[in-house]
There are 2 protein chains.
Amino acid sequence: MNFSFCLPVNLLFGSGVINELGSRAAPYGKKALVVTGRGSARKSGLLDKATGLLQEAGLETRLYDKAEPNPTAPQVYAGAEAAVEFGADMVIGIGGGSIMDAAKCIAFMAKNSGDLMDYIYGRKASPAALPIILVPTTCGTGSEGNGFAVITDPATGDKKSLRGNMLVAKVSIIDPDLMITMPRDVLASVGFDALAHCMESWLSSNGTPVSDMYALEGISLVAETLVPLYRGEGEKAEWEKLTWASTLGGMAIGTAGGIVPHGIEHPVSGLRNVTHGKGLASITPVVFERSISGAPAKFAEISRRLGGRDEKDCVAVIKKLLADIGLAIGLGEQGIKAEDIDWMTENAFKVSPAAIDHHPVKFSREDIKDIYRAAL
Amino acid sequence: MNFSFCLPVNLLFGSGVINELGSRAAPYGKKALVVTGRGSARKSGLLDKATGLLQEAGLETRLYDKAEPNPTAPQVYAGAEAAVEFGADMVIGIGGGSIMDAAKCIAFMAKNSGDLMDYIYGRKASPAALPIILVPTTCGTGSEGNGFAVITDPATGDKKSLRGNMLVAKVSIIDPDLMITMPRDVLASVGFDALAHCMESWLSSNGTPVSDMYALEGISLVAETLVPLYRGEGEKAEWEKLTWASTLGGMAIGTAGGIVPHGIEHPVSGLRNVTHGKGLASITPVVFERSISGAPAKFAEISRRLGGRDEKDCVAVIKKLLADIGLAIGLGEQGIKAEDIDWMTENAFKVSPAAIDHHPVKFSREDIKDIYRAAL
């Protein structure tokens, strides 16, 4: 029982907390670069509301809305340039995981120079970043609860995370009411991502007593809420629980890190711009099926929390859950081809060595190729 | 489900982590004021070891060893003066809860002027403090896991905590091996304090989903380990679990705050220098007996984790545990007299209004007097 724990999150959680955005941002300066995507925050009126709240609190805002799903290093550079040109004191990310991760890296590159990938691969390091404020609009990534930011380098297809406590938001404003307008297919994929974070943290050999608590609680909350919400049967209490599960998953994976499903999904979405949660849905049951022997008691615990009996039916209950939320899908229908497998395998060992290393069983390159094939 | 959570702890936990003291302190400067008591750390050789580790890492150290059980404001002022005179860059507290709390307030008063009680009562505020490093040698207070520091004002008898994230240690070095030499009676009282922190956080109306997780896990770990360790039957794994339970209790109470047992124990130890955990042992069963109706499901959960059945036997299982660790004691045998009750009651409403307010049932002054009488 040797571990360290340092995750300096500052969470403000609950229905209506979005209204505190202005007062929570004001201590960090006068000028805020607001990072968002081209979609939902604008359409739902959230962006206008947020901008209004910031302006009421005396802040000047500038918008950067060129962050996209699976955000890229060039999008980060353009955002950082906008931040510097504006003289931003802080960066506020409003959106799903891609937007929050882009906002984190924009805040980082506004204070650092050179190639972002050098920092991601640990060839360079810096503790400097502009203060970051996050407003999640999906409940999956958990980026509001950690210091991870996943970025894709379009030159190489490498999708990998920058990590550090300089990327932990000064405040995360987590309002479950903002989740309610999510389209059903988005809910399914982000909800499964949240579950994957919790399951992988719990299974990781890098887990700690703290990440274990967060992860197990998160699994139970997803089990209780995701399917009813997908079916349109959930109420406010269910949205609160799923939203909290997602932040818990972010906090758990932010201390334990992921294992093989996340490790080998990143090459998939890095290569073909697949939706991360859908890629995980194809991969996770195949990986788990081949991993039970490495941690039977832990898989049994997952199974019980998802409504199963023991480790033997763990994969079955996960498959059932995926079927219930419309995610019984293969990688093939998401654009992945058999000829991608060699590249994805090599890339997984390049971008995700720690995730592969912390997995309950050791997979060789041939094992990973087999997994990709079975997940097609 | 509306809450906030910000507890920026940095925990290094495990057998042997004490050896990292030097390297973990070095980033915070060159001069360390080491705060300890007159007793165990010196006798056990820990103080020499710690000083050696700090010096090996290039730090100059000065010792302040005048902090006592239930530390007082004048002890803090003297320590802060020593820190300023020495030009300390950091304060390192090595000891039990009293020592750690004194170290925290010394670090605070080294950067602030005036009356400490003004900051404790919220008449003044400051975010400034020297960096704090904590090395707990008892597993009870959990001070290494929060931003609380309880100080007694000898002029008034007020025992009350200074609170704020400036008091959260930059790093807490939590080595379960340091606990093993604790005398049995110290183990009993600190162990029950740890349990009290967990139970009170869980019962508090100010609790959050985060403090609930910490608290429930802590209750289970104390239930599993305290009695065996008291009986000399525990091994390394039990010491690890109880030590972690104590830090969890500190983190839980650091976000939820205490309720009536802590609230009305402080006047007891403020007035007569009673050992905090022993005072709690006298008070807690009496308070809980009169509180079950305010939160039956929560008391049932405590009971089950302590080996009971439901809320009806919760007080009985706590009394059994206290008897098993030699703490079936009244306040009378600790020097409290019937004529102290009026003062203690008034003082409880002065120093602990929030604790009384967050309790599952509302107690009047007459109720509190009755409780003290029954606890004599």
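In what follows, chains are A, B, ... by sequence order, proteins preceding strands, each numbered from 1.
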CD of A:E235: more than 12 outside heavy atoms within 6.0 angstrom? no
Answer yes or no: does atom NZ of A:K30 have more than 12 heavy-atom neighbours from other residues, nucleotides or ligands under 6.0 Å? no
With B:R304 via side-chain contact (heavy atoms from CB on, under 4.5 Å) - residues at least two apart: B:A300, B:E301
So for A:E240, is it side chain, backbone, both, or neither that comes closer than 4.5 Å to the heavy atoms of chain B? both
If you check every heavy atom in residues 198-213 of chain B against those of chain A, which residues fall under 4.5 Å?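 Answer by number: B:P209, B:V210, B:M213.
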Below 3.5 Å, can you tabulate the donor-acceptor pairs from side chains in residues 132-142 of chain B to any protein atom, sequence neighbours excluded?
unit_1 : atom_1 : unit_2 : atom_2 : d
B:T137 : OG1    : B:G95  : O      : 3.4
B:T137 : OG1    : B:G96  : N      : 3.4
B:T141 : OG1    : B:S143 : N      : 3.3

Tabulate below the donor-acceptor pairs under 3.5 Å that side-chain atoms of residues 1-10 of chain B make, not counting sequence neighbours, or state none.
unit_1 : atom_1 : unit_2 : atom_2 : d
B:N2   : OD1    : A:S15  : N      : 3.3
B:N2   : ND2    : A:S15  : O      : 3.4
B:N10  : ND2    : B:K170 : O      : 2.9

